[in-house]
Amino acid sequence: KNDVTHEGLCFYSEDMESSFILRRQRYIQLKSAITDQNIVVLFQPIVNASSGQLEAVEALVRIQGEDGDLIPPIEFIALAEETRLIIPLGERVIQLALAQLQQWNISGLKLRMCINVSPIQFLDPHFVPFLLKTIDQYNVYPKMIELEVTESMMLQNLEQVTHDMAQLRELGISISIDDFGTGFSCLSYLKDLPVDVLKIDKSFVAQLSIEQPDEILVKTIATLANSIGLKSVAEGVESILQAQRLKELDVSFLQGYYFSRPVPAHEIKSRYPI
Ligand code: C2E
Ligand code: CA
Ligand code: CA
Ligand code: CA
């Protein structure tokens, strides 16, 4: 049944009502996960395409549910962005990732830590100070940190983004463009922005060896990266054939289920002992 409310602008259906309730529940769950420290970070290996060596990990956030299940980001990142909870959530991810980086450093495991940063989080004025404070707190090398941002962010507030990126870059932090090729790529920003790495979206990688047109896309991105002095990472590598092809195409780094799913920190340590 549909009812017009007295404000006249909204109308209700039972479906919408239940989706509001669901949203509300998700919001409360997310908020308490942040305050109760039920935020978990998994790490996915990123290997050097030519040597096969583990070089980096990507930190991927999860909520620890009441039953012990891990809730994936698809269920809460959009809501977190809409409600700005992405800011405390993102801060928690940075703390967890850098604390882990410090542990690995102490035990002699030298890895770069790649951290996803949402545009809302990056554009928040407290982002850079918080990051610097946390780097200091955990005593980690800025050179070991890579921030993954999306193309869409570049177009939002180019002046501030350029300024902040340059500042982070000066400290040795690298910046990678996530999901490269899926947005409205405006290639001109690449020459103006302090960017280090292009991450080739998994949708392109998935088509490798099936469809020729996507192979051309992967090849073009890899060639573009190489020719302007950037590194490239292919994500979503699921088979040895894809890995071999990407290596032939001179992609610098590979990441995907073929190498490992995202795993808890201790599994990284046990799989890659020093
Ligand atoms: P993303 O940054 O593109 O991360 C890659 C996603 O692909 C991850 O999903 C990863 O588990 C998945 N993946 C890795 N290898 C493979 C593969 O071989 N095949 C397939 N099909 N998938 C693969 P996940 O962990 O569910 O994260 C989804 C998205 O949520 C991320 O996409 C990122 O946009 C966002 N996200 C994750 N953690 C954070 C975070 O800490 N902060 C923010 N702002 N966003 C995050
Ligand atoms: Ca990413
Ligand atoms: Ca991606
Ligand atoms: Ca993404």
Side-chain angles (χ1 to χ4, degrees), residues 41-51 53-61 73 86 90-105 109-119 121-123 127-128 130-154 161-162 164-181 189-190 193-202 221-222 224-226 228-237 246 251-256 259-260 262-263 265 268 272:
V41 173
L42 299 182
F43 301 93
Q44 188 178 32
I46 300 177
V47 306
N48 187 303
S50 39
S51 69
Q53 291 271 348
L54 177 68
E55 295 248 345
V57 294
E58 178 174 0
L60 293 158
V61 71
I86 194 73
E91 289 182 345
R92 188 73 193 125
V93 169
I94 290 172
Q95 285 172 333
L96 291 167
L98 297 192
Q100 190 55 56
L101 187 60
Q102 179 187 41
Q103 285 310 304
W104 282 331
N105 264 331
L109 193 58
K110 297 269 181 290
L111 293 176
R112 259 181 306 127
M113 178 64 74
C114 305
I115 302 174
N116 291 285
V117 182
S118 107
Q121 189 188 353
F122 194 95
L123 294 168
F127 174 71
V128 174
F130 180 85
L131 180 63
L132 300 186
K133 187 185 83 184
T134 313
I135 287 174
D136 219 46
Q137 184 184 346
Y138 292 105
N139 222 359
V140 290
Y141 300 110
K143 271 200 165 46
M144 307 297 267
I145 300 169
E146 188 170 305
L147 302 180
E148 298 193 2
V149 301
T150 55
E151 281 170 287
S152 63
M153 195 185 77
M154 312 296 173
V161 168
T162 314
D164 289 352
M165 280 189 180
Q167 187 191 349
L168 296 172
R169 239 275 200 90
E170 243 162 70
L171 295 163
I173 296 170
S174 347
I175 309 280
S176 68
I177 309 292
D178 209 349
D179 308 331
F180 188 79
Y189 76 75
L190 283 180
L193 276 175
V195 167
D196 305 275
V197 181
L198 302 182
K199 283 198 94 166
I200 303 168
D201 193 67
K202 58 177 173 287
I221 298 173
L224 168 71
N226 288 336
I228 57 177
L230 303 182
K231 302 277 186 205
S232 54
V233 183
E235 57 176 34
V237 182
L246 290 159
V251 171
S252 333
F253 303 106
L254 308 177
Q255 174 184 8
F259 300 99
S260 168
V263 294
I268 298 278
Y272 301 91

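One-based numbering along the sequence shown. Values reported hereafter were calculated over all heavy atoms of this structure, with side chains retained and with hydrogens, waters and symmetry mates removed.
The distance from the CG atom of L131 to the CG atom of D164 is 10.5 Å, given to the nearest 0.5 Å. For the atom pair CG (L42) and CD (E58), the distance works out to 11.0 Å, reported to the nearest 0.5 Å. The CD atom of Q44 sits 8.5 Å away from the CD1 atom of I268 when rounded to the nearest 0.5 Å. Put simply, OH on Y141 and CG on L171 are 15.0 Å apart, with the number rounded to the nearest 0.5 Å. I175 contributes atom CD1, which lies 4.5 Å from atom CG of L147 (distance to the nearest 0.5 angstrom). In this structure, OG in S174 is found 9.0 Å from CD1 in I145, a value given to the nearest 0.5 Å.
Across all non-hydrogen atoms, the minimal contact from C114 to E148 is CB-OE2, 3.4 Å. Here the closest non-hydrogen pair linking L230 and V195 is CD2-O, 3.0 Å. When every heavy atom of M113 is checked against every heavy atom of A59, the shortest pair comes out as SD-CB, 4.1 Å. Here the closest non-hydrogen pair linking A265 and W104 is O-CZ2, 3.7 Å. The two residues A222 and V251 make their nearest non-hydrogen contact at CB-CG2, 3.9 Å. Scanning both residues, L198 and A225, for their nearest heavy atoms gives CD1-CB, 4.0 Å.
Under a 3.5 Å cut-off, the side chain of S232 and the backbone N or O of S252 do form a donor-acceptor pair. Judged purely by atom type and a 3.5 angstrom limit, D179 has no side-chain atom pairing as donor or acceptor with the backbone of D201. Checked by atom type and distance alone, the side chain of T162 never pairs as donor or acceptor with a backbone atom of L193 at under 3.5 Å. Between the side chain of E151 and the backbone N or O of F180 there is no donor-acceptor pair closer than 3.5 Å. For the pair D136 (side chain) and L132 (backbone), a donor-acceptor distance under 3.5 Å is absent.
For the pair E235/D178, a side-chain contact is recorded, criterion being any heavy-atom separation below 4.5 Å from C-beta on. Between L190 and L224, some side-chain heavy-atom pair lies under the 4.5 Å cut-off. At a threshold of 4.5 Å between non-hydrogen side-chain atoms, the residues E55 and I46 do not count as touching. The shortest distance between side-chain heavy atoms of Q167 and E170 does not fall below 4.5 Å. Counting heavy atoms from C-beta outward, F253 and N48 have side chains that approach closer than 4.5 Å. Side-chain contact between D196 and K231 is absent, with no heavy-atom pair separated by less than 4.5 Å. No side-chain heavy atom of Q100 sits under 4.5 Å from any side-chain heavy atom of Y138. For the pair M165 and V149, the minimum side-chain heavy-atom distance is below 4.5 Å.
Defined by atom type and a distance below 3.5 Å, a donor-acceptor pair is missing between the side-chain atoms of Q102 and N139.
Under the side-chain contact (heavy atoms from CB on, under 4.5 Å) rule, M144 has a single partner from L98, L111, L101, which is L101.
A tilted orientation is assigned to the rings of F127 and F122, their planes being inclined by 30° to 60°.
Between E146 and K199 there is no salt bridge, since none of the side-chain N atoms of the basic residue sits less than 4.0 Å from a carboxylate O of the acidic one.
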